[in-house]
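Input: a single structure, listed below in structure tokens.
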Number of protein chains: 2
Amino acid sequence: MRKPTLQDVARAAGVSYATADRVLNARGNVAEKSTRRVLQAIETLGYERDLHAANLSRGRIYHFRFLLPGGDHSFFRALRQAVEAEASLRRIDRIRFSLTEVPTLDSDALARALEELPRDCDAVAVVATETPRISAAIAALSAAHIPVVTLVGDAAADIRAAYVGIDNIIAGRTAGRLMRIAHMARPATDPGLILPIIGAMSARDHRDRLMGAKAVLDGSGQQLLEAVVVDDRHDLMRQRVTAALAKTPAISGIYSIGAGNRGLIDILARISGPRPFVIMHDLTPTTRAGLESGLVDAVIDQKPAQEIALAVDVMKALADGRELPDPARDITPTIYVKDNLPAALPLTAPAPLAAGETP
Amino acid sequence: MRKPTLQDVARAAGVSYATADRVLNARGNVAEKSTRRVLQAIETLGYERDLHAANLSRGRIYHFRFLLPGGDHSFFRALRQAVEAEASLRRIDRIRFSLTEVPTLDSDALARALEELPRDCDAVAVVATETPRISAAIAALSAAHIPVVTLVGDAAADIRAAYVGIDNIIAGRTAGRLMRIAHMARPATDPGLILPIIGAMSARDHRDRLMGAKAVLDGSGQQLLEAVVVDDRHDLMRQRVTAALAKTPAISGIYSIGAGNRGLIDILARISGPRPFVIMHDLTPTTRAGLESGLVDAVIDQKPAQEIALAVDVMKALADGRELPDPARDITPTIYVKDNLPAALPLTAPAPLAAGETP
DNA sequence: GAGGGAATGATATACGTCAATCATTTTCTG
DNA sequence: CAGAAAATGATTGACGTATATCATTCCCTC
């Protein structure tokens with residue numbers, strides 16, 4: 001009862017191995033009748049090509065390229081580290097990675113990087129924004145049979161092969177929901193004031209989050225103040241949020257949509273008396289410390305490591321022409337509170353392997 | 001710059017392929033000097049055995065056995081479905097699964113199943129409870145070089161090879177934290193009453209969750225009432241929780257620790273006026289509907305599909321004698337609210353493959 | 001029914017490893 | 001130093017597929 005091989009298929013179809021191979025690999029010069037008989041045999045035997053044997057024979061090594069924003073923002077650093085981690089895990093699967101850093105928030109630089117990308121790879125993953133030039137570059141890659149997976153931020157849906165990342169409107173809605181929960185016991189006469197803090201209004205993901213939060217808070221009674229813009233910078237965060245708190249002392253909730261949270265935590269630490277309910281994005285050393293110290297109440301995370309792992313699974317499936325992996329492993333915004341932070345410890349120590357011992 | 005093969009290693013070590021093979025596969029009859037030179041060559045060349053070629057040569061097919069509770073509890077059904085899903089995904093990796101259903105909550109039956117388990121597999125995954133007989137059975141399997149991975153519930157940590165699942169104390173703490181957040185705006189004179197509902201006090205996971213919640217709520221002002229025990233049954237849930245609500249109308253929060261939530265949702269739907277803040281466990285059709293309708297405020301989930309996927313990764317790594325996979329993909333209790341529910345839709349439709357087209 | 005192109009079969013080599021055999025060389029022991 | 005034991009080298013046939021070559025057979029057309 002072992003798995004059928006192509007030999008078995010050929011025998012069952014009453015043709016030679018060579019013909020079965022010609023059908024399987026679409027080499028042409030096969031009579032329609034033979035093609036049908038081979039496909040029929042594949043069907044009835046439940047034949048599946050042994051990918052590992054095939055790749056071994058071809059000497060194939062997968063090559064996946066990542067185009068990720070550089071710079072020292074914690075989130076992108078985490079993404080890049082996740083790529084390194086996957087690289088060492090997947091070497092065994094004959095997968096090679098290339099990681100190119102692109103200037104952050106520079107859509108022309110990204111477009112150029114995509115245009116100049118060497119066509120020597122099996123798939124590309126890129127943190128995209130939606131501009132015509134970038135869309136054109138992605139379409140060109142697709143035309144060259146290099147599927148493009150968008151990561152974190154999406155491009156036009158009909159061009160890229162798949163998007164792996166959270167929906168930022170949903171992330172914003174989730175934050176809004178937590179705000180409602182934190183405010184639900186307040187008296188109707190004082191439902192609460194919520195201050196959103198944003199990196200830039202031009203950033204699509206930030207706008208989406210704000211929009212999502214607003215949608216959930218509408219009609220809840222809580223008033224959403226005008227967003228403070230801080231350019232993802234700690235210093236501007238300190239300045240402008242301090243000013244906002246001075247102007248509106250009754251603020252009962254803060255939703256920090258982008259980065260620069262170190263500045264916000266400094267401010268929170270100095271507040272005496274009741275602190276507002278605070279939600280931040282992305283689990284970084286800073287936000288984690290904020291949760292642990294109790295200055296931050298919730299962090300909404302997109303699990304960069306899992307995102308990269310899923311992206312690699314998707315790219316592999318695309319390269320093999322297989323179905324895309326289980327959507328149940330899809331990325332949804334994760335809520336971290338003080339108590340469900342992931343451990344920084346390994347699962348369990350591996351059993352030591354004696355020298356020369358074979359698995 | 002292709003990957004070095006064992007031939008390359010042999011050449012570099014100045015020995016024949018046969019000797020290098022004898023070292024790599026610990027076949028014995030090799031001089032210590034040769035062993036050293038080969039290991040040295042492996043080191044300097046960075047040689048890694050090509051697992052796929054090796055398995056092809058051996059004709060090896062991995063065989064993993066799952067021992068999962070049967071019955072129609074949604075959570076265990078989800079676990080079993082996840083195994084089926086992995087089975088079809090991993091067939092390509094030459095992994096075969098066997099799934100045995102064991103009576104729920106019957107530790108003797110589980111122990112027997114473990115004792116009688118055919119020794120024809122490469123690893124076992126089991127939803128374990130901690131009894132001496134089960135521990136002994138697991139130890140026996142380990143002694144027979146069959147690593148055992150515990151799932152959902154752990155056994156003695158020094159016997160099993162790895163545990164894949166959430167920490168239920170942490171899950172309980174997370175629920176407690178959400179309760180605190182939902183109650184944080186209440187006046188000090190009326191901090192709130194919280195009703196825990198439990199399946200059975202004898203269930204370790206339920207006890208742990210309750211303990212975790214209690215730890216976080218201690219000192220918060222909210223009073224944790226005595227737990228109502230409902231045996232994970234809808235009918236008892238309806239009866240006893242109705243009674244509890246009648247007796248203590250001021251209940252402001254309900255923490256349902258186990259199953260039987262269909263009964264609870266029936267009750268909640270009938271409440272007119274302000275409803276208590278409700279937390280349940282495990283995303284099932286029932287709890288999902290509860291979230292969507294607004295009767296339930298939060299669900300704490302352990303992501304069974306991901307849990308199974310991680311367990312398979314772990315078993316594969318154990319079977320290959322490799323390091324265990326990235327702990328960053330570890331399982332932490334996930335908080336679902338109305339707005340961050342996972343989509344039931346696929347990631348993206350796969351590109352259609354022309355007849356006979358080769359990937 | 002001959003000629004020509006299309007279709008098919010037979011066969012070989014390679015991919016990297018495992019597992020085995022057999023001949024040969026080295027090392028050890030008394 | 002002989003003889004035995006240990007170590008090594010050389011080689012071979014799997015595993016399932018890819019890819020290529022060459023000879024043969026089939027079918028269509030004129």
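Order of the sequence lines sets the chain letters (A, B, ...), proteins ahead of strands, with each chain counted from 1.
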Got a sec, which residues hit side-chain hydrogen bond (donor to acceptor under 3.5 Å, both in side chains) with [X], two or more places apart in sequence or on another chain?
X      : answer
R37(A) : none
Y47(B) : none
R22(B) : none

Any R49(B) side-chain nitrogen or oxygen under 4.0 Å from OP1 or OP2 of dT17(C): no

Ion pair check, K316(A) and D313(A), cut-off under 4.0 Å: no

Pairing residues for E116(B) by the salt bridge (charged side-chain N to carboxylate O under 4.0 Å, His left out) criterion, not counting sequence neighbours: none

Sequence-distant partners of E84(A), salt bridge (charged side-chain N to carboxylate O under 4.0 Å, His left out), two or more places apart: none

How close or far is atom [atom2] of [N] from atom [atom1] of [X], stated in whole angstroms?
X      : N       : atom1 : atom2 : value
Y47(B) : dG16(C) : OH    : P     : 10 Å
L51(B) : dC15(C) : CG    : C1'   : 16 Å
N55(B) : dT17(D) : CG    : P     : 15 Å
N25(A) : dT17(D) : CG    : C1'   : 9 Å
H52(A) : dT17(C) : NE2   : C1'   : 14 Å
D21(A) : dA10(C) : CG    : C1'   : 13 Å
Q7(A)  : dA12(C) : CD    : C1'   : 14 Å
I92(A) : dG16(C) : CD1   : P     : 16 Å

A54(A) side chain, from C-beta outward: closest of dG16(C), dA18(D), dG16(D): dA18(D)

Protein-to-nucleotide contact annotation, 5' to 3' order, nucleotides 4-15 of chain D [B base; S sugar-phosphate only; - none; under 4.0 Å, heavy atom]: ---SBBB---BB

Sequence neighbours excluded - side chain to side chain donor-acceptor pair (under 3.5 Å) pairs with any residue from residues 143-152 of chain A: T150(A)-D154(A)

End axis versus end axis in the helix from dG1(C)-dC30(D) to dG30(C)-dC1(D), the angle rounded to 10°, five pairs used at each terminus: 30°

Sequence-distant partners of A78(A), side chain to side chain contact (heavy atoms under 4.5 Å, CB included), two or more places apart: P304(A)

Residue pair V124(A) / C121(A): nearest heavy atoms and the distance that separates them: CG2-SG, 3.8 Å

